Amino acid sequence: MVPEHPDAPGGETTALALKILVAGGFGVGKTTLVGAVSEIRPLRTEEMLSEAGQLVDDTGGVDQKVTTTVAMDFGRITIRSGLSLYLFGTPGQDRFWFLWDELAQGALGAVVLADTRRLEDCFPAVDYFEHRDIPFVVAVNCFAGARRHESQDVCRALDLDAGTPVVLCDARERDSGKEVLIRLVEYAGRRHTARLLDSVG
């Protein structure tokens, strides 16, 4: 948590800027989500897919995708007065995993985007955040034509820890994406409060 205005005069509430990661498999909608909710022009590090990249990247199920994130996406959204979220979209391919540790530094939590047609693509992100005890929510991006699954079914399929939220969303819609982020902040807040109470108990 980073104070945006540490020297605010007159006892005003210091504005908080929270770092959030947006993760998931290749082509699941991370860049779309960051772009949809960001109130600033999002920073994107997309490059055209190359023939060489096709030899190492699994593009099954996303045959129409022609670009890929090679470093990160970045956006910002104000949730309410005094609370902003800085969004960092991670690259989805295995060959860019070395960037994740840097991006995860100081993160309050993460959104793991999932596509039920390729649910196994989000396993690495789920494992990453579980092993590092970083709070996360799973946001099922409801693609047109994809079979709808209930949240509890996705939870069981991913073998999530008890209490990990699973929400349905449309990564293209700002309100839908914002609701996912609010759920994450609420969940991460509860987790951090519980840890604090455990440390002083």
Side-chain angles (χ1 to χ4, degrees), residues 18-34 36-37 56-62 65 68-75 85-143 146-171 176-195:
L18 304 177
K19 182 179 183 181
I20 302 295
L21 298 186
V22 180
F26 178 62
V28 77
K30 301 179 295 294
T31 298
T32 300
L33 176 65
V34 172
V37 302
V56 293
D57 296 329
D58 180 9
T59 58
V62 285
K65 189 170 172 60
T68 184
T69 299
V70 296
M72 67 173 186
D73 299 308
F74 175 78
L85 305 182
Y86 290 143
L87 309 176
F88 292 79
T90 65
Q93 301 99 306
D94 294 349
R95 59 194 168 109
F96 295 121
W97 271 89
F98 67 92
L99 295 169
W100 280 51
D101 287 340
E102 287 293 325
L103 290 174
Q105 288 291 324
L108 174 79
V111 173
V112 176
L113 271 176
D115 178 352
T116 55
R117 300 169 301 180
R118 300 177 292 123
L119 198 57
E120 67 279 1
D121 288 359
C122 74
F123 287 173
V126 168
D127 289 342
Y128 182 91
F129 297 121
E130 284 185 342
H131 288 134
R132 288 159 181 80
D133 203 24
I134 297 174
F136 68 94
V137 301
V138 173
V140 178
N141 193 6
C142 298
F143 287 89
R147 181 181 171 191
R148 291 295 181 106
H149 295 271
E150 297 297 327
S151 297
Q152 58 266 28
D153 295 332
V154 175
C155 185
R156 282 194 295 269
L158 293 175
D159 192 25
L160 298 175
D161 291 340
T164 303
V166 176
V167 295
L168 305 181
C169 75
D170 184 337
S176 182
K178 185 175 180 179
E179 183 60 32
V180 169
L181 295 170
I182 291 171
R183 287 285 300 276
L184 171 61
V185 170
E186 291 172 345
Y187 175 62
R190 292 194 299 271
R191 286 276 306 273
H192 285 289
T193 299
R195 288 175 190 165

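No experiment lies behind these values; they were computed from the predicted model shown.
- Here the closest heavy-atom approach between residue Ala125 and residue Val112 is recorded as CB-CG1, 4.0 Å.
- Rounding to the nearest 0.5 Å places CZ of Arg132 at 10.0 Å from CG of Asp127.
- When all heavy atoms of Ala114 and Leu119 are compared, the closest pair comes out as CB-CD1, 4.0 Å.
- Annotation: side chain of Leu103 is in contact with side chain of Pro91 (closest heavy-atom distance under 4.5 Å).
- Judged by distance alone, the side chain of Lys19 and the main-chain N or O of Ala104 form no donor-acceptor pair under 3.5 Å.
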Which donor-acceptor pairs under 3.5 Å do side chains of residues 179-191 form with protein atoms, sequence neighbours excluded?
| residue | atom | partner | partner atom | Å |
| --- | --- | --- | --- | --- |
| Tyr187 | OH | Arg191 | NH1 | 3.2 |
| Arg191 | NH2 | Asp133 | OD1 | 2.6 |

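- Nearest approach of Phe26 to Arg118, heavy atoms of both residues: O-NH1, 3.0 Å.
- By the 30° and 60° cut-offs, the orientation of the rings of Trp100 relative to Tyr128 is perpendicular.
- Listed here is the closest heavy atom pair of Val111 and Ala139: CG1-CB, 3.9 Å.
- Closest approach of Leu21 to Ala107, counting heavy atoms only: CG-CB, 4.1 Å.
- Note that CG of Asp121 and CG of Leu113 are 12.0 Å apart. Values are rounded to the nearest 0.5 Å.
- A distance of 7.5 Å separates CG in Leu87 from CG in Leu33, rounded to the nearest 0.5 Å.
- Checked by atom type and distance alone, the side chain of Asn141 pairs as donor or acceptor with a backbone atom of Val28 at under 3.5 Å.
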Considering only distance and modelled atom types, tabulate donor-acceptor pairs under 3.5 Å from the side chains of residues 147-156, sequence neighbours left out.
| residue | atom | partner | partner atom | Å |
| --- | --- | --- | --- | --- |
| Ser151 | OG | Val166 | O | 3.3 |
| Asp153 | OD1 | Arg156 | NH2 | 2.4 |

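- A donor-acceptor contact closer than 3.5 angstrom is absent between the side chains of Ser176 and Asp170.
- Taking CG of Asp73 as the reference point, atom CZ of Phe88 lies at 11.0 Å (rounded to 0.5 Å).
- Of the listed residues (Asp161, Ile20, Leu160), just one forms a side chain to side chain contact (heavy atoms under 4.5 Å, CB included) with Phe136, and that residue is Leu160.
- Two residues are said to be in side-chain contact when any heavy atoms from C-beta on lie closer than 4.5 Å; Lys178 and Leu85 fail this criterion.
- Lys30 approaches Gly25 most closely through the heavy-atom pair NZ-O, 2.6 Å.
- A 4.5 Å side-chain heavy-atom check between Phe123 and Leu158 finds at least one atom pair inside the cut-off.
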